[in-house]
Amino acid sequence: MGSDSRLAESREAPASMEPLSRFLVRNASEFADRAAVIDGSTVLSHRTLLERVAALGEVLRRWKGRVLTALPNGHAVVVAHYAALVAGLQSLIVDACAPADDLVHATSAFSPEIVLTSQDQIGRLVHILDGLASVQQIVLLPSAEAPSLCATRHPVRIVSWADSGSAELIDLAEMDVPALVLCTSGTTGAPKYVSLTQRNVLAAARNINEFMQTAMGAVEVTPLPLHRSFGLGRARCLSLAGGTLVISPPRGDRALALLARHRATGFSSVPAFFRMMIRTFGKRLAKYLAPLEYIEIGSAPMDRADKLFLLEVAPRARICMHYGLTEASRSAFIEFRSERTKLDTVGRPAPHVAVRVVAENGHPCTPGETGEIIVRGDHVCAQYWKNPELTKSRLRDGWFHTNDYGSVDADGYIRLSGRMDDLMNVGGIKVSPEKIEGVVRAIPGVADCAAVAAKDPRGIYGDVPLLYVVREEQARLSTAAVKSYCVAHLVAEEVPHEVIFIDAIPRTDAGKVLRARLRGGVA
Amino acid sequence: MPGRYCVPGYGAGLRERGTLGMEATPGTRIEGKVVEICRLVLKDSSITIESTSTSVEGWDSLSHMDLIAAIEANFGIELDVMDMADVDSVGALVEVVARAVNSPHEEMPIRSSS
């Protein structure tokens with residue numbers, strides 16, 4: 001490694017960055033009929049993708065303002081994201097199928113002027129949108145499903161793909177203005193909104209393709225949700241490589257069938273998904289993974305045994321695992337085969353990225369010494385959405401402070417020690433204990449409660465939420481009733497794996513929950 | 001023999017419906033056993049041959065994989081992944097299992113996936 005072993009620095013200066021529109025136009029010209037996105041029976045060629053992005057971009061740029069994209073997972077998310085990007089508008093992408101409370105929070109925090117959704121989703125969203133004074137225009141994408149009937153107080157424009165061929169791509173985007181807002185769970189329990197520029201997201205895609213050696217024309221299957229940093233990043237990587245993104249339902253057998261059906265060269269998912277497939281199919285995975293040229297893994301730690309297993313069943317693939325955050329996507333990478341002796345680390349900095357570990361006084365740590373991991377590069381977010389205090393505390397002197405602890409070894413490999421906050425990592429999804437507690441407190445008969453992370457006894461999700469509840473005196477509350485309320489009000493990853501009744505929640509004098517004591521079982 | 005399929009809380013229901021009775025054809029034996037395994041794995045005793053992945057609350061991506069493991073273990077077969085990918089109902093699952101089971105065979109007692 002480098003002469004200064006305390007630093008894990010970038011290997012070269014960033015190259016100049018072309019806007020996304022250049023790649024879309026190039027793809028439509030050079031690979032016009034090649035599939036860009038495959039989503040069930042829908043196949044968008046590179047030419048069709050460009051036409052749709054151009055058509056929707058033209059519609060969007062008639063209104064200046066923030067765009068809320070609320071669509072179910074699928075190809076339309078890619079079209080909507082790209083269209084907002086070339087229209088030069090800032091957009092927040094949310095899953096239209098998310099729980100209503102999450103949608104209300106996201107939409108009210110973002111105050112969108114334009115809402116981009118589909119004909120079959122508007123009925124579900126209309127009561128939320130009608131409560132938003134900021135909305136000036138609703139844009140509806142056509143959908144295969146029957147349109148939902150509704151009336152809204154906002155003007156509605158329905159997009160037709162039939163005349164999309166007439167539109168020309170006009171790129172109004174600048175590289176360094178806020179372009180994309182992604183939601184990520186915060187240390188305080190409240191969601192944080194990360195504001196990324198086009199340069200940020202394309203720099204990350206360039207770094208990823210460079211490390212993974214993604215070939216032009218790659219065909220990748222992914223069961224990842226496209227509303228999140230990892231999944232949406234895969235779409236951009238494939239567009240830069242003129243390749244094909246095959247969107248899979250989050251089911252192991254379907255993902256494998258798509259790999260075979262489309263003769264895929266790549267696959268991406270979170271460790272929990274691989275665990276699930278390994279447990280069910282074992283060595284049979286080799287039949288489907290053996291042809292792969294690359295695999296990308298991320299969002300949560302992976303067991304060493306699973307890493308070794310993948311090396312066996314995907315013998316040709318570069319198996320790349322990243323460490324990153326929504327704020328600094330894919331800051332470090334490890335390739336399992338060539339860096340097999342370092343499988344207990346998260347690897348070294350991604351190309352064009354600098355990573356350091358610093359002590360509390362800001363000085364770089366010595367090899368093996370634990371400190372905070374900080375990251376620098378043109379992939380790092382410019383700011384948090386409407387949160388200057390958080391921006392100031394996390395982005396200092398050109399470095400992003402990750403809030404993660406770790407160390408760098410003498411060879412420059414980064415070893416993660418843990419999160420500086422109490423977030424749980426449930427199968428790659430960050431779950432806030434405060435959010436669970438907020439919901440449970442509303443249950444009649446609950447006097448107090450606290451959620452903590454426990455190891456998933458099935459060995460699938462990594463963490464699972466464990467919920468401690470103090471019942472009000474005389475309250476007849478069962479664990480089943482608490483669980484069923486949670487199922488109705490929380491997303492699946494947030495639903496407590498187990499509910500335990502106790503006499504009191506251990507707290508500090510200031511009233512903060514002593515989670516470590518609960519995790520230790522001393523309740 | 002019906003008694004061999006008894007799982008606490010489930011076997012009695014099966015005998016009442018007669019799906020695993022002595023006169024049952026190989027087809028209905030498979031159907032009854034698949035339904036039973038689905039009930040165990042998906043923790044829903046109301047599951048029938050008509051149930052679908054959208055009508056059963058607990059039939060998610062993780063439990064679907066558990067279902068595959070349990071079916072394979074109990075029938076002593078390996079399911080075709082390409083066939084399984086299209087399965088979104090108990091009825092479709094029965095068809096895939098029936099294809100994988102080449103001939104009437106000695107039934108194995110039901111056990112949950114490990």
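Quick note on labels: first sequence line is chain A, next is B, and so on, each numbered from 1. Computed from heavy atoms alone, side chains included, the values below leave out hydrogens, waters and symmetry copies.
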Quick check on B/E78 against chain A: is it the side chain, the backbone, both or neither that has a heavy atom closer than 4.5 Å? both

A/F281, part contacting chain B, at a heavy-atom distance under 4.5 Å: side chain

If you tally heavy-atom pairs under 4.5 Å between each of A/A255, A/A260, A/A257 and chain B, the highest tally belongs to A/A257

Taking all atoms of both residues into account, what is the closest heavy-atom pair of A/R284 and B/L79, and its distance? NH1-O, 3.3 Å

Given heavy-atom pairs under 4.5 angstrom as the criterion, report whether the side chain, backbone, both or neither of A/I460 touches chain B. side chain

Taking every heavy atom of B/M65 against every heavy atom of A/T280, the minimum-distance pair comes out as CB-OG1, 3.3 Å

Can you confirm whether A/R254 sits close enough to B/M84 that some side-chain heavy atom of one is under 4.5 Å from a side-chain heavy atom of the other? no

Give the interface residues of residues 55-63 of chain B toward chain A, defined by a heavy-atom separation under 4.5 Å. B/E57, B/S61, B/L62

Here the gap from A/R251 atom CZ to B/I68 atom CD1, rounded to the nearest 0.5 Å, amounts to 7.0 Å

List the residues meeting ring pair (Phe, Tyr, Trp, His ring centres under 6.0 Å) with A/H489, not counting sequence neighbours, and say none if there are none. A/Y485

